[in-house]
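These numbers were taken from a predicted model, which means no experiment stands behind them.
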Amino acid sequence: MSDKKDSKDVQTIKTFRNFGVIAHIDAGKTTFSERILYITGKSHKIGEVHEGAATMDYLEEERKRGITITSAATTCFWRQHRMSLIDTPGHVDFTAEVERSLRVLDGAVGVFCAVAGVQPQSETVWRQANRYKVPRIAFVNKMDRTGADFYKAVESMRTRLYANPVPLVMPIGKEKSFQGVVDLINMRACVWADDDAREMTVGDIPDELLAEAKKRREQMVEAVAECHDTVLEKFVEGEEVTIPEIMMAIRQGTLDLKITPVFCGSAFKDKGVQNVLDAIVDFLPSPLDVPAIEGFNPENDEKIQRPLMPDQPFAGLVFKTISDPNGDLTFIRIYTGEMNQGEKYYNARTRRFERIGRLVRMHAAQREPIDTAQAGDIVAAVGIKDSITGDTLSTRENPVIYEAMNFPDTVISMAIEPKSSGDRDKLSEVIGKLVREDPTFKARTDEQTGQMVISGMGELHLEVKCNMIMNDYKIGVTVGRPKVAYKMTLKGPKTVEARHIKQSGGSGQFAVARVRFSTDPEVEDLKFVDAVKGGSVPREYIPAVESGIEAAIKGGGRIGFPYCKVVAELYDGQAHDVDSSAMAFEAAGVLAFRMAAEGNSQLLEPIMKIEIEAPEEKTGDVIGDLSSRRGLVEEMISKPGGISAVTGKVPLAEMFQYSTTLRSLTQGRGTYTMEPASYEPVPPNIAEKVLAEVVKG
């Protein structure tokens with residue numbers, strides 16, 4: 001009986017498709033997701049982004065701004081396959097939402113604009129997907145727009161993403177006359193009805209397109225044949241490759257990340273979405289096609305790899321938490337075993353159990369109660385108290401920890417205070433909730449001013465959080481001007497001898513640490529090197545020196561900006577049989593770094609990668625303004641429709657309220673995106689001003 005159940009479970013999991021929709025802001029991700037819900041029958045009415053009625057953009061802030069801020073999950077069905085879809089944000093300020101979604105998804109659909117091609121945030125999300133080895137399909141959207149060019153968009157995927165895009169369709173018509181596609185696998189024309197694009201007529205390829213279609217199909221077969229040895233052999237020997245063999249090779253190539261199948265259409269007009277739904281079923285992986293995820297046993301650090309099956313011990317990764325008046329929601333990707341409502345599961349990080357109050361399957365903001373979830377499921381649980389993004393839940397008998405996600409450092413901060421002093425505790429509680437939900441949103445209390453300081457990924461990020469505090473939680477707040485997250489580093493190498501020797505009544509404190517300090521651009525914060533020979537510093541005290549240096553680096557010394565890119569090599573020291581202790585050596589570590597930093601520090605500022613799109617005639621004004629902000633232009637590309645794209649780097653400190661300036665420079669037609677690139681030294685004259693303000697403040 002058990003074997004029958006197991007085999008039934010396997011067949012069920014084979015029909016799961018967990019995928020996300022990823023793209024640059026405004027490429028049409030949410031519109032594409034809404035059409036999937038409509039076409040699969042999940043929604044009976046299409047929600048439009050521009051009308052503020054999209055199902056997947058369910059937060060008030062999302063509807064007002066017409067952008068996606070938080071990734072929304074939903075479930076729908078197509079060809080007897082269950083699809084868990086996550087619509088992710090396109091704005092760089094909310095990149096953490098994409099990061100954590102890609103960590104738990106098996107596949108993704110990249111949406112690209114047929115006019116603009118690959119845009120800056122497309123590159124960022126594509127790199128994130130590469131990092132997590134997520135198989136992808138591409139959908140070139142907005143084919144009915146003026147300036148749309150399918151093959152140019154495909155070429156930009158090749159040159160800017162270093163991908164291997166393989167078009168499986170050929171557009172019929174372009175811009176306003178775009179009416180359908182040639183299905184290159186089955187060599188047939190698919191033409192949509194004008195009044196309802198869900199009605200598709202499948203027929204012969206028009207004579208005038210037949211020659212080009214044959215050529216394009218030959219190119220496609222050649223590209224996909226390389227993904228499968230049997231198919232390649234037939235192709236090389238000039239034998240006819242059958243349609244099932246082509247499908248098999250495409251699926252193999254997609255799963256192995258060798259190719260990206262490309263489709264096209266217009267999501268807004270419902271055109272082309274059905275083809276992508278078929279491709280998701282045919283080419284994207286089921287949970288069983290994904291390699292077993294490597295974790296480790298927290299009890300003994302042994303590596304663990306389990307098949308992603310329901311008959312294995314339970315393990316699931318928490319990838320998102322949401323504060324909700326009806327009970328906080330914790331989103332979990334279940335990798336192995338089964339999760340049941342009402343049961344307890346173990347969190348190895350907190351060493352505590354979490355009871356699952358209720359299990360639900362999400363449809364954007366709506367919840368569908370379920371009793372059991374199994375391997376391959378993406379569900380939400382109500383009742384979890386202490387688990388946060390990146391935690392693994394498992395059984396106590398078979399504990400496991402999976403690798404958590406990495407999130408970028410915050411680059412901008414500002415002070416926030418309640419308008420009414422009676423709201424102070426309430427504000428702290430709300431900010432605590434927001435910090436728990438969003439790993440790239442941080443809060444701390446400034447020791448000198450007593451003010452609460454919030455930090456995030458950009459102006460928009462912090463503005464959205466403040467609006468949520470005011471509108472959703474009804475707390476009036478005042479905010480200070482945004483501040484840049486500066487860092488420090490050492491100007492050059494320095495060797496120091498730190499002596500922490502104190503003698504008072506009773507036992508004293510004795511620790512001497514000799515440390516060589518230098519910098520390395522590849523090091524994030526601190527690289528500690530143990531080069532002690534001959535036991536001059538006893539082994540048990542070496543970690544204490546490291547933790548002292550680390551504390552001093554994070555504390556930022558007199559100025560308060562944390563240090564980075566530091567290499568510390570402990571090469572010698574002295575200890576006392578009676579008076580030495582871990583505490584004394586930690587104090588020596590703190591002193592060593594302070595000595596190295598004294599008169600040997602320089603200020604670093606966050607440099608942003610920026611891409612600005614503006615009308616060609618306004619490009620000169622845009623570049624002039626960028627130069628006045630200490631920006632460096634790296635590239636300028638002409639795009640269809642008289643638009644120029646200017647790419648470069650610019651200090652974040654010069655970019656506050658830039659959107660207002662760009663609007664006035666370009667008569668409201670310019671757009672820009674920024675993302676953190678690196679930390680670079682601040683010019684001396686500006687560094688003096690910044691440091692003077694800090695000392696004065």
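A cation-pi arrangement, defined by a distance under 6.0 Å to the six-membered ring centre and an angle within 45 degrees of its axis, is absent between Lys565 and Tyr679. Judged by the 6.0 Å distance and 45° axis criteria, Arg136 is positioned over the aromatic ring of Trp126.
Between the side chain of Thr519 and the backbone N or O of Leu490, no donor-acceptor pair lies under 3.5 Å. Checked by atom type and distance alone, the side chain of Asn600 pairs as donor or acceptor with a backbone atom of Ala596 at under 3.5 Å. Remark: the backbone N or O of Val682 is not paired with any side-chain donor or acceptor of Gln602 at under 3.5 angstrom. A donor-acceptor pair is defined here as one N or O able to donate and one able to accept, closer than 3.5 Å; such a pair exists between the side chain of Lys494 and the backbone of Met595. Arg333 places a side-chain N or O within donor-acceptor distance of the main-chain N or O of Val104, the cut-off being under 3.5 Å.
Residue Glu522 places its CD atom among 12 or fewer non-hydrogen atoms of other residues, nucleotides or ligands, all under 6.0 Å distant. Counting non-hydrogen atoms of neighbouring residues, nucleotides and ligands closer than 6.0 angstrom, the OH atom of Tyr162 reaches no more than 12 such neighbours. The environment of Glu616 atom CD is dense: over 12 non-hydrogen atoms of other residues, nucleotides or ligands sit within 6.0 angstrom. Around NZ of Lys649, the count of heavy atoms belonging to other residues, nucleotides or ligands within 6.0 Å does not exceed 12.
Within the 4.5 Å cutoff, the side chain of Ser122 has no heavy atoms near those of the Arg160 side chain. Contact annotation: the side chain of Lys433 approaches that of Tyr473 to within less than 4.5 Å [non-hydrogen atoms, C-beta and beyond]. Taking 4.5 Å as the limit, some side-chain heavy atom of Phe19 sits within range of a side-chain heavy atom of Leu85.
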Determine whether Glu550 and Ile553 satisfy the following criterion, side chain to side chain contact (heavy atoms under 4.5 Å, CB included), listing intermediate values before the conclusion. CA-CA 5 Å; Glu550 192 173 356; Ile553 276 177; 5.6 Å; no
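Using a cutoff of 4.0 Å between basic side-chain nitrogens and carboxylate oxygens, Arg630 and Glu605 are scored as salt-bridged. Salt-bridge formation is not detected for the pair Lys527/Asp520: no Lys NZ or Arg NE/NH1/NH2 atom is positioned less than 4.0 Å from an Asp or Glu carboxylate oxygen.
Between Arg629 and Thr661, the side chains place a donor N or O and an acceptor N or O closer than 3.5 Å (distance only, hydrogens not considered).
Rounding to the nearest 0.5 angstrom, the gap separating the CD1 atom in Ile469 from the CG atom in Leu434 is 5.5 Å. The distance from atom CG of Leu626 to atom CE of Met655, rounded to the nearest 0.5 Å, is 6.0 Å.
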